[in-house]
Amino acid sequence: QLQASGGGLVQAGGSLRLSCAASGRTSSIGGMGWFRQAPGKEREFVVRISRSGGNTAYTDSVKGRFTISRDNAKNTVYLQMNSLKLEDTANYYCAACSEAWCSVNPNNYNFWGQGTKVTVSS
């Protein structure tokens, strides 16, 4: 089970940190990722991190602004979001796959959190 938190309302240029805590069969969790879905749009890949935390990959629109990290001792993944833009407004979902490194395809993820809403205002 994945539990996402940390969303909220922030002004453009501001920052938020999302968290995703895993519980239950955490030994089944390998790589993890964050996706987002804006109103009226399809869910899109944002960032992924390997099981070890040594590899990360970001979608172009968030490079240099977002940073993913994980604390395996706490079974938690974090998404630090800086310099937020209006277009970052969306529901953010954390997800996990069983492999050490997940793909960008949401169909490859076995576990999903419930989503946390991020709203960026002008």
Side-chain angles (χ1 to χ4, degrees):
Q1 183 178 0
L2 302 179
Q3 181 73 36
S5 62
L9 175 64
V10 63
Q11 286 191 324
S15 298
L16 281 175
R17 189 175 82 153
L18 306 183
S19 298
C20 177
S23 60
R25 295 180 60 185
T26 56
S27 61
S28 300
I29 291 176
M32 298 186 71
W34 287 93
F35 292 77
R36 65 186 179 186
Q37 187 167 19
K41 295 187 177 182
E42 292 186 355
R43 189 170 297 189
E44 66 169 347
F45 164 79
V46 178
V47 60
R48 53 183 170 151
I49 188 168
S50 62
R51 178 187 285 138
S52 68
N55 292 305
T56 59
Y58 298 82
T59 194
D60 287 345
S61 63
V62 308
K63 285 180 180 177
R65 300 189 298 120
F66 290 12
T67 303
I68 190 171
S69 61
R70 67 189 294 170
D71 184 339
N72 287 336
K74 296 181 178 180
N75 295 313
T76 302
V77 168
Y78 305 97
L79 182 62
Q80 178 66 44
M81 305 187 296
N82 298 328
S83 302
L84 282 161
K85 302 177 180 181
L86 296 178
E87 52 264 41
D88 294 319
T89 294
N91 281 315
Y92 283 72
Y93 299 87
C94 63
C97 70
S98 299
E99 293 75 30
W101 181 238
C102 309
S103 77
V104 302
N105 187 338
N107 294 327
N108 293 135
Y109 290 75
N110 309 98
F111 311 98
W112 288 86
Q114 85 287 4
T116 185
K117 187 174 183 180
V118 172
T119 303
V120 183
S121 65
S122 59

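- Within a 6.0 Å sphere centred on CD of Gln11, other residues, nucleotides and ligands contribute 12 heavy atoms or fewer.
- Hydrophobic clustering, with ILVMFWY side chains joined whenever heavy atoms are under 4.5 angstrom apart, groups Tyr58 together with Trp34.
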For this session: Walk me through it: do Tyr109 and Arg48 pass the test side chain to side chain contact (heavy atoms under 4.5 Å, CB included)?
Result: CA-CA 11 Å; Tyr109 290 75; Arg48 53 183 170 151; 4.0 Å; yes
For this session: Please report the C-alpha distance between Leu2 and Cys20 in whole Å, then the side-chain angles of each, then the deciding distance to 0.1 Å, and finally whether the side chain to side chain contact (heavy atoms under 4.5 Å, CB included) criterion is met.
Result: CA-CA 6 Å; Leu2 302 179; Cys20 177; 3.9 Å; yes
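- Between the side chain of Gln114 and the main chain of Ala4, a donor-acceptor pair closer than 3.5 Å is present.
- Cluster annotation: Val10 is connected to Val62 through the hydrophobic network of ILVMFWY side chains, with a link wherever side-chain heavy atoms come within less than 4.5 Å.
- In this pair, Trp112 and Phe35 present their aromatic rings tilted. The plane angle is within the 30 to 60° band.
- Cys94 SG to Ile49 CD1: the interatomic distance, rounded to the nearest 0.5 Å, is 12.5 Å.
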For this session: Take Asp88 and Lys85, measure what salt bridge (Lys or Arg N to Asp or Glu O under 4.0 Å) needs, and give me the verdict at the end.
Result: CA-CA 5 Å; Asp88 294 319; Lys85 302 177 180 181; over 6 Å; no
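- In terms of heavy atoms, Ser15 sits closest to Ser83 at OG-N, 4.3 Å.
- Other residues, nucleotides and ligands place more than 12 heavy atoms under 6.0 Å from the CD atom of Gln80.
- Between Ser19 atom OG and Arg70 atom CZ the span is 13.5 Å, to the nearest 0.5 Å.
- Here the NZ-OG1 distance, from Lys74 to Thr26, works out to 15.0 Å after rounding to the nearest 0.5 Å.
- In this structure, the side chains of Arg65 and Met81 stay at 4.5 Å or more apart for every pair of heavy atoms.
- Rounded to the nearest 0.5 angstrom, Thr116 OG1 and Gln3 CD are separated by 9.0 Å.
- How far CG of Asn75 is from CD of Gln1: 12.5 Å, rounded to the nearest 0.5 Å.
- Note on Tyr93 and Val104: same hydrophobic cluster, where clusters join Ile, Leu, Val, Met, Phe, Trp and Tyr whose side-chain heavy atoms are under 4.5 Å apart, directly or indirectly.
- A 4.5 Å side-chain heavy-atom check between Leu79 and Arg36 finds every atom pair outside the cut-off.
- Ser98 contributes atom OG, which lies 3.5 Å from atom CG of Asn110 (distance to the nearest 0.5 angstrom).
- Annotation for Ala96 and Ile29: closest pair CB-CG2, 3.7 Å, computed over non-hydrogen atoms.
- The hydrophobic clustering, which links ILVMFWY residues whose side-chain heavy atoms are closer than 4.5 Å, places Tyr92 and Leu86 together.
- Taking 4.5 Å as the limit, some side-chain heavy atom of Leu84 sits within range of a side-chain heavy atom of Phe66.
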